[in-house]
Amino acid sequence: DAGITQSPRHKVTETGTPVTLRCHQTENHRYMYWYRQDPGHGLRLIHYSYGVKDTDKGEVSDGYSVSRSKTEDFLLTLESATSSQTSVYFCAISPGGGGANVLTFGAGSRLTVL
Amino acid sequence: AQKVTQAQTEISVVEKEDVTLDCVYETRDTTYYLFWYKQPPSGELVFLIRRNSFDEQNEISGRYSWNFQKSTSSFNFTITASQVVDSAVYFCALSEAPSGGSNYKLTFGKGTLLTVNP
């Protein structure tokens, strides 16, 4: 996962608590993405960012917010975690937003909400 | 309707067998891109190939080959002489720009778990 670091890699939390996952990149890529992976669903886009302070929703954005105050960091926040948000979360980066751009993924963050 | 359908949830083969992973996509765009990613048991996602909608040439890379057919909206992946190290979940994905915008989004299929037994 050269250039992308996700933290924490594992987290167990309780329903109703806030959780923030961090994605840090050293590639200076403009685009950053958060996906979640669940059995039987593949990977689904939560939110993405196309620049500092520029973000947009994906297909499963309810219950999640994001922030990007600098190029290298993209934060995913669960304001009040629910058991349905138990998942593996992947951050990805790409140099541009065109369809030919290849997304490079981080190692994933496994979140368990009890 | 799913944009990317991988009908095979799980496939099990014996080493050295050939195996084909199916991928059917749906889009109204004329410009789009198709991808395959591999997720080995260690969990990381590894890019394998990208194809654009204007290039239907088949591609071969070692034991891997891809067959792209716009007429059937399919982008199938074949592994020849499979090996135990090929055991992984394989994802097909479609990149398109909703409503003709410039920010393409990558939509994944549900994945196919390939197990290659020795």
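Bear in mind the structure is a predicted one, so any value in this text is a computation, not a measurement. Below, read A as the first sequence line, B as the second, and so on, with proteins coming before strands; counting in each chain starts at 1. Every heavy atom of this structure was used, including side-chain atoms; hydrogens, water molecules and symmetry mates were not.
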Next on the checklist: Quick check: do Y37(B) and L43(A) have side-chain heavy atoms less than 4.5 Å from each other?
Outcome noted: no

Exercise for review: Kindly check if the number of other-residue, nucleotide or ligand heavy atoms within 6.0 Å of CG (L114(A)) is above 12?
Suggested key: yes

Taken to the nearest 0.5 Å, the spacing of L103(A) CG from K105(B) NZ works out to 13.0 Å

Validation row: F91(B), Q37(A) side chains within 4.5 angstrom (heavy atoms)
yes

R110(A), CZ atom: more than 12 neighbouring heavy atoms under 6.0 Å:
no

Under 4.5 Å to a heavy atom of chain B? For D38(A) that would be neither

For F35(B) and N101(A), the nearest pair of non-hydrogen atoms, with its separation, is CZ-O, 3.8 Å

Shared hydrophobic cluster, L45(A) / L75(A) (ILVMFWY, side-chain heavy atoms < 4.5 Å) = no

One should read off an interatomic distance between Q39(B) CD and F105(A) CZ, to the nearest 0.5 angstrom, of 9.5 Å

| said: Does E59(A) have more than 12 heavy atoms from other residues, nucleotides or ligands lying within 6.0 Å of its CD? | reply: yes

Is there side-chain contact between L106(B) and Y33(A), with heavy atoms separated by less than 4.5 Å? no

Co-membership, hydrophobic cluster, residues V102(A) and F90(A), 4.5 Å side-chain: yes

Quick check on K57(A): does its NZ atom have over 12 non-hydrogen neighbours (other residues, nucleotides or ligands) under 6.0 Å away?
no

S95(B) and G99(A) have their tightest heavy-atom pair at OG-CA, 3.4 Å

